[in-house]
Amino acid sequence: MNCLEKYRSKLIREINRDLGIIVTTNEADAVHDFRVGIKRLTALYLFLNQIDPELNAKRLIKPYRALSKSIGNIRDCDIAVETIGSLDEINPQDSKNLIKALRLKANRDYRLFQKMSRAQGRLSIRMPTIKSTGISAHAITRHKPLVLNRWLSKILTTSGRMSAGARHKQRILLKRYRHVLDAFAFCPGHRHIEAELKQIKVLEQLLGDWHDRVVTAELIKTLPGVEASTVPAVAIMQRQERLLLGAAKIYLRKFSQWHQNT
């Protein structure tokens, strides 16, 4: 399917460009874009794996997801700095101390990443072309609604008492669903439904803001020398977590109702 092949090629070029930046400098935008690119690549190959289980996409993508995870420690610190900086209720000096400790941790994590990348030699993302997988354009077109509806069913099947881990998995699957929609936007006759995309973006924002606070609260508890500052910051973020998660549940119900009515 040539349109998806173009999407895949463009994606890998962008991922490798960002990776080339990251191995020489700790640039926050490149770190973010690289991790988003790996998530998009993962979504595409997991989608293809649903069509042909012999593809074994998890094995193909595993080393690159491991690389993304190692870079994720740096990204988590960047997110935490942004989140702490947005909390007006925190004493300015406490905020300053936390941000300083987070940046020190990010620098340590980046040095570890550089050491790992030097040990591995030239890093480059390589994945088989869609043509080489043997999956036909007809199979992709025929299975697309089946796969996406299967994913959507899992996204919308929720419980009021879902754990943070289960809620995060729901968030990941929502992202994968949207990433595959984005991939097919390259293909004639497979355009987005704008009403659906708007609802997905609201949900992703709410769940993303919720998860940022979960990650930040856990991260600052591990920072040395800032124990006295963590208590008010964590309490504030936990209150915000509950509000954001409550709003996400409301929008998730709206999203589910919209799909039932279309």
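Annotation: side-chain hydrogen bond (donor to acceptor under 3.5 Å, both in side chains) contacts of Y64 (sequence neighbours excluded): none.
In terms of heavy atoms, S132 sits closest to P128 at OG-CB, 3.4 Å. The shortest heavy-atom contact between L98 and A233 is CD1-CB, 4.0 Å. In plain terms, the two heavy atoms of H179 and A43 that are nearest each other are CB-CB, 3.7 Å. In plain terms, the two heavy atoms of A30 and I21 that are nearest each other are CB-CG2, 3.7 Å. Taking all atoms of both residues into account, the shortest heavy-atom contact from I51 to I140 is CD1-CA, 3.8 Å. What you find for I12 and I125 is that their closest heavy atoms are CG2-O, 3.5 Å.
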For this session: List the steps, then state whether side-chain contact (heavy atoms from CB on, under 4.5 Å) holds for Y110 with I71.
Result: CA-CA 8 Å; Y110 180 65; I71 297 172; over 6 Å; no
For this session: Let me see the working for C187 and L4 under side-chain contact (heavy atoms from CB on, under 4.5 Å), right down to the final yes or no.
Result: CA-CA 7 Å; C187 300; L4 285 188; 4.1 Å; yes
For this session: Take L46 and K58 through the side-chain contact (heavy atoms from CB on, under 4.5 Å) test and state the conclusion after the steps.
Result: CA-CA 7 Å; L46 288 178; K58 288 185 178 180; 4.0 Å; yes
For this session: Go through K201 and L197 one step at a time and tell me if the side-chain contact (heavy atoms from CB on, under 4.5 Å) criterion holds.
Result: CA-CA 6 Å; K201 286 182 176 179; L197 191 59; 4.0 Å; yes
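L87 CG to I236 CD1: the interatomic distance, rounded to the nearest 0.5 Å, is 6.0 Å. Atom CG of residue L174 and atom CG of residue L152 lie 9.0 Å apart, to the nearest 0.5 angstrom. Considering OG of S95 and CD of Q93, their distance stands at 9.5 Å, rounded to 0.5 Å. Between the CG atom of L148 and the CZ atom of R176 there is a distance of 13.5 Å, given to the nearest 0.5 Å. Going from atom CD1 of I155 over to atom CZ of R171 covers 13.0 Å, rounded to the nearest 0.5 Å. Here CG of N49 is found 11.0 Å from CZ of F47. Values are rounded to the nearest 0.5 Å.
I79 and I84 fall into different hydrophobic clusters, where Ile, Leu, Val, Met, Phe, Trp and Tyr are joined by side-chain heavy atoms under 4.5 Å apart, directly or via other members. Under the 4.5 Å side-chain heavy-atom criterion for Ile, Leu, Val, Met, Phe, Trp and Tyr, V180 and V36 are members of distinct hydrophobic clusters. Put simply, W151 and L252 are part of the same group of oily side chains (I, L, V, M, F, W, Y) that touch within less than 4.5 Å, one to the next. Both I38 and L173 are part of a single hydrophobic cluster, where members link through side-chain heavy atoms under 4.5 Å apart. In this structure, F255 is not a member of the same hydrophobic cluster as I172, with clusters built from ILVMFWY side-chain heavy atoms closer than 4.5 Å.
The pair E14-R17 does not count as a salt bridge, with every side-chain nitrogen at least 4.0 angstrom from each carboxylate oxygen. Salt bridge annotation for E204-R178: present, with a cationic side-chain nitrogen under 4.0 angstrom from a carboxylate oxygen.
Counting only N and O atoms by type, the side chains of Q170 and R167 include a donor and acceptor under 3.5 Å apart. A donor-acceptor pair shorter than 3.5 Å can be found between the side chains of H259 and E196. For the 3.5 Å distance criterion, the side chains of Q50 and Y45 fail to qualify, holding no donor opposite an acceptor.
Residue pairs satisfying the side-chain hydrogen bond (donor to acceptor under 3.5 Å, both in side chains) criterion with at least one member in residues 72-92, sequence neighbours excluded, are absent. Sorted by first then second residue, the salt bridge (charged side-chain N to carboxylate O under 4.0 Å, His left out) pairs that include residues 35-54, not counting sequence neighbours, are R40-D182.
Side-chain contact between L244 and R213 is present, with at least one heavy-atom pair separated by less than 4.5 Å. Under the 4.5 Å side-chain criterion, counting only non-hydrogen atoms from C-beta, L112 is not in contact with R108. Within the 4.5 Å cutoff, the side chain of L44 has no heavy atoms near those of the M127 side chain. Contact check for F113 versus N26: no side-chain heavy atoms found under the 4.5 Å cut-off. Within the 4.5 Å cutoff, no side-chain heavy atoms of R239 are placed close to those of L243. Using a 4.5 Å heavy-atom cutoff, the side chains of L19 and L67 are in contact. Put simply, the side chain of C77 reaches to within 4.5 Å of the side chain of D109, judged on heavy atoms. Side chains of F184 and K144 form a contact here, defined as non-hydrogen atoms less than 4.5 Å apart.
Of the possible donor and acceptor atoms, none in the side chain of Q199 sits under 3.5 Å from a partner among the backbone N and O of Y251. Side-chain N or O atoms of D94 include none that pairs as donor or acceptor with a backbone N or O of I90 at under 3.5 Å. With H143 contributing its side chain and A139 its backbone, the two residues share a donor-acceptor pair below 3.5 Å. Checking side-chain atoms of T141 against main-chain N and O of A137 turns up a donor-acceptor pair under 3.5 Å.
No option in V214, I220, L219 other than I220 meets the side chain to side chain contact (heavy atoms under 4.5 Å, CB included) test with T216.
In this structure, K10 forms no cation-pi arrangement with Y7, as its terminal cationic atom is not both closer than 6.0 Å to the ring centre and no more than 45° off the ring axis.
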